[in-house]
There are 2 protein chains.
Amino acid sequence: MARPRAFDEKQVLDAVRDQFWDAGYAATSLEDLMRVSGLGKGSLYAAFGDKRQLFLRALRSYTDESHGRLREALTEAPRALDALRALLEAPVDDAMGEGVRRGCLMANSTSELGNADPEVLDHAHRTYETSTALIGDCVARAQREGDVSAEADPTELARALLAAQQGLVFMSRTGMDAATLAATARSLAAQLLPDRSGD
Amino acid sequence: MARPRAFDEKQVLDAVRDQFWDAGYAATSLEDLMRVSGLGKGSLYAAFGDKRQLFLRALRSYTDESHGRLREALTEAPRALDALRALLEAPVDDAMGEGVRRGCLMANSTSELGNADPEVLDHAHRTYETSTALIGDCVARAQREGDVSAEADPTELARALLAAQQGLVFMSRTGMDAATLAATARSLAAQLLPDRSGD
DNA sequence: GGAATTCTTGACCGTGCGGTCCACCATAAG
DNA sequence: CTTATGGTGGACCGCACGGTCAAGAATTCC
């Protein structure tokens with residue numbers, strides 16, 4: 001054996017991910033990446049390859065974690081309907097936090113690079129397919145629990161919810177104030193997931 | 001007087017807008033702008049200032065035109081409800097065209113630059129306020145025409161429609177196929193703008 | 001035609017980029 | 001302690017970037 005690594009790969013990926021998240025891919029320089037990671041160019045290149053590969057690693061790490069958290073949120077909620085509603089109101093909850101200012105890294109990356117980088121586009125496609133499947137499962141559970149009409153197609157409703165959520169996340173980035181955003185989220189939730197307690 | 005300009009300002013702005021639209025701000029070089037506009041650096045700088053100012057000009061021109069077309073579509077439709085539904089299905093209609101591949105320039109720009117450039121953020125904010133107002137007027141008309149529940153708050157519904165539309169535009173950029181996208185659009189339209197012909 | 005004025009072209013500039021490379025260093029095995 | 005191995009940091013490279021500028025071309029006015 002020889003000299004061991006002096007850095008933690010996960011920590012570096014997280015720092016790098018935050019930098020790409022804040023500034024975007026093109027606007028992030030290698031110097032930025034060195035600064036936030038604390039590593040020299042040589043180490044960065046030896047460990048991760050060039051800037052694009054490092055970006056893809058950070059992006060995959062981000063989507064993996066996001067899906068993990070999504071799965072957890074959707075399955076652990078006592079009632080599926082509540083989890084689905086929370087999905088729409090999530091962009092609002094941390095309306096004063098970083099989530100709103102930065103949006104979703106996967107969405108930002110798709111917007112910036114989807115045209116030019118087929119690999120990013122493909123990753124985006126797979127990511128949203130997975131999200132749709134996760135949400136669809138939760139919709140199916142809500143149906144079994146009697147909170148969503150049994151006639152709805154779970155996948156179809158999942159896609160509508162996902163589109164609405166992405167729209168909300170985007171609207172929040174335009175500087176819309178928290179109260180208005182919250183009202184819009186509630187409005188969308190009320191129409192896509194109507195209250196059936198009276199049935 | 002002296003030598004007149006050999007180029008049409010509008011044509012240059014359109015060409016430049018398309019370039020920024022395809023590649024984004026940071027990934028567009030001055031050489032790209034010279035190529036698509038047919039102008040030399042000197043002319044570009046004398047006429048529009050630096051890259052950022054040129055970008056802002058092109059962006060404003062884009063949003064002005066978009067709002068013009070939106071206003072036209074919303075007011076000229078015989079029935080307001082049809083115009084609102086078309087709003088959601090617009091991203092799908094040209095599903096094979098450029099609209100889907102490129103998304104919305106204002107949305108892309110907000111995503112790329114909103115964090116870093118307050119002027120872009122401010123422009124985004126104003127733009128979506130205007131869009132909300134235009135759509136809200138159309139919702140009010142639909143209410144007068146009896147196609148939308150009179151209890152709904154027009155502005156609120158306008159925001160929900162706008163969020164849904166932005167979400168659809170984004171989903172289309174992830175490589176979702178046209179049929180699935182169309183189904184999602186119909187699904188959202190059905191829930192946000194339910195058929196009241198039976199009332 | 002000449003003068004004045006504006007537009008156009010492209011050479012030029014300094015800078016910072018992404019990426020390479022190598023001398024040095026820390027560690028583990030013998 | 002020596003040696004082998006892999007990690008580290010920064011000097012270095014060529015390039016393309018955004019931006020400047022001056023000389024020349026095109027036009028109008030007199």
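Computed from heavy atoms alone, side chains included, the values below leave out hydrogens, waters and symmetry copies. Throughout, protein chains are lettered first and strands after them, A, B, ... in sequence-line order, and every chain is numbered starting at 1.
Straight-line distance from the CZ atom of A:R52 to the P atom of C:dG18: 15 Å, rounded to whole Å. Straight-line distance from the CZ atom of A:R35 to the C1' atom of D:dG9: 18 Å, rounded to whole Å. In this structure, the CD atom of A:E31 is 15 Å from the C1' atom of D:dA11, given to the nearest Å. Atom CG in A:D8 sits roughly 12 Å away from atom P in D:dT8 (whole-Å rounding). Atom-to-atom, CE of B:M34 to P of C:dG10 comes out at 8 Å; the value is rounded to the nearest Å. Between A:F7 atom CZ and C:dC25 atom P the separation is 20 Å, expressed in whole Å.
Using a 4.0 Å heavy-atom cutoff across all strands shown, B:S43 reaches at least one base atom of the nucleic acid.
Considering only the side chain of A:Y45, C:dG19 comes nearest among C:dT8, C:dG19, C:dC17.
Using a cutoff of 4.0 Å between basic side-chain nitrogens and carboxylate oxygens, B:E76 and B:R71 are not scored as salt-bridged.
Where A:G42 and A:T28 each meet DNA chain C at their nearest nucleotide, the meeting point lying more 5' is that of A:T28.
Taking the centre of each ring, B:Y62 and B:F55 stay at or above the 6.0 Å mark.
Taking the ring centre of A:Y25 as origin, the terminal cationic atom of A:K51 falls inside the region bounded by 6.0 Å and 45° from the ring axis.
A close approach under 4.0 Å does occur between a side-chain nitrogen or oxygen of B:S29 and OP1 or OP2 of D:dC17.
You'll find a donor-acceptor pair under 3.5 Å spanning the side chain of B:K41 and the base of D:dG19, going by distance alone.
Rounded to the nearest 0.5 Å, atoms CG (B:D195) and CG (B:D147) are 8.5 Å apart.
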